[in-house]
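Step one of this worksheet: look at the structure below.
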Amino acid sequence: MSKEAKYSIIIPMYNEEAVIQETYRRLKKVMGTLQDPYELIFVNDGSRDQSAGIIKDYSCWDDTVKLIDFSRNFGHQVAITAGMDYASGEAVIVIDADLQDPPELILTMIDKWKEGYEVVYAKRVKRNGETLFKKWFASMFYRILRASTDIHIPVDTGDFRLMDRKVVAQMKQLPEKNRFVRGLVSWVGFRQTAVEYEREERFAGETKYPLRRMVKLSLDGIMSFSYKPLKLAGYAGMTLSILGFVYLLYVLYLALFTGATSKGWPSLIGIMLVFDGFVLIMLGVLGEYIGRIYDETKGRPLYIVNELHGIHQQEGKLAQERLTKV
């Protein structure tokens, strides 16, 4: 594209062969209504299907299409980060490839951006096509996260959002490995607002966020922005110590003043198992924090790019220089 893009659309994808052509069509239709130049940055997160091949073909004849092809699967949050590294637009929009988030909402986000907001995030008022468990899990996670941190992270939101160039510039200065992008966007601040929408069912294909990945993302979110789990361990330990001391006084009272001895080894073993279980849980929490510290000290890059398509050599060079500095 001869003109520098005003809008950069980042589309992370992982095995989205069944939907990616429709995603491309709808994005082109939406962005075609604008008079400003734009770019569609597809980030292939190690797909094993033909997702990357389809986008590679598009990039040969459509100069708005760019492809960042990872060497393997590095994760959804890292794919978003890579898209921001290579984006050149004044406004950067992140949208998943599965079409659960409607591309048509991008126009509303752009209107809000033109009003002066630097971050416009999409807030889900309804989640169609998702199981009750997933809805409950998401609802609980956001509310626990809100209660655990001093940073205001909006509830019922995902990564579907628009960010001003100055916000993206600040995001590039945050090199942490276990990334929770929506939380980082809240952390950098700036003027933010929401647009509400109903989330649709997947157009095709299967969800890329099974329970294991949902739990991983939840842990990254909570432990990246709060140390309250560690404080909770201290409070719980103090409470259990007080209860244990009170129980010991009760046992001494029985032995000295009533002549009775405390019976019931099963109850004693039960109490010990509860206490030991609690200790192991807290060791697990501590291990999560230590593991994240270990990840940060390794000094490895966030991702490795296998191929670039539709991206000028200079753009790729600048992005890689930033990556090696991390």
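Note that the numbering runs from 1 along the sequence shown for the chain. Treat the numbers as computed from the prediction; the structure is a model and nothing was measured.
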**Message:** D159 vs F180, test: side chain to side chain contact (heavy atoms under 4.5 Å, CB included). Steps then yes/no.
**Reply:** CA-CA 9 Å; D159 295 307; F180 184 61; over 6 Å; no

**Step-by-step side chain to side chain contact (heavy atoms under 4.5 Å, CB included) determination, R48 to N73** = CA-CA 10 Å; R48 295 186 296 270; N73 178 261; over 6 Å; no

**Request:** Determine the interplanar angle of the W61 and Y24 rings, folded into 0 to 90°, and report it as parallel if under 30°, tilted if 30 to 60°, perpendicular if over 60°.
**Result:** perpendicular

**Request:** Check step by step if side chain to side chain contact (heavy atoms under 4.5 Å, CB included) holds for I110 and L34.
**Result:** CA-CA 10 Å; I110 290 175; L34 302 172; 3.6 Å; yes

We want to know whether [X] and [Y] form a side-chain donor-acceptor pair, criterion being a heavy-atom distance below 3.5 angstrom.
| X | Y | value |
| --- | --- | --- |
| Y197 | D101 | yes |
| T23 | E16 | no |
| R182 | T157 | no |

Do [X] and [Y] come close enough that some side-chain heavy atom pair is under 4.5 Å?
| X | Y | value |
| --- | --- | --- |
| M31 | Y7 | yes |
| Y14 | V43 | no |
| Y86 | L308 | yes |
| I55 | N44 | no |
| F74 | I304 | yes |

**Message:** Working to the nearest 0.5 angstrom, can you tell me the gap between M109 CE and L162 CG?
**Reply:** 7.0 Å

**Item:** Distance in Å, R179 CZ paired with L174 CG, rounded so as to fall on 0.5 Å steps
**Value:** 6.5 Å

**Asked** Do D62 and K28 sit within salt-bridge range, that is, some charged N less than 4.0 Å from a carboxylate O?
**Response** yes

**Ionic contact status for R26 with E104, cut-off 4.0 Å** = yes

**Asked** Passes side chain to side chain contact (heavy atoms under 4.5 Å, CB included), T81 versus L302? Steps please.
**Response** CA-CA 9 Å; T81 302; L302 282 174; 3.9 Å; yes

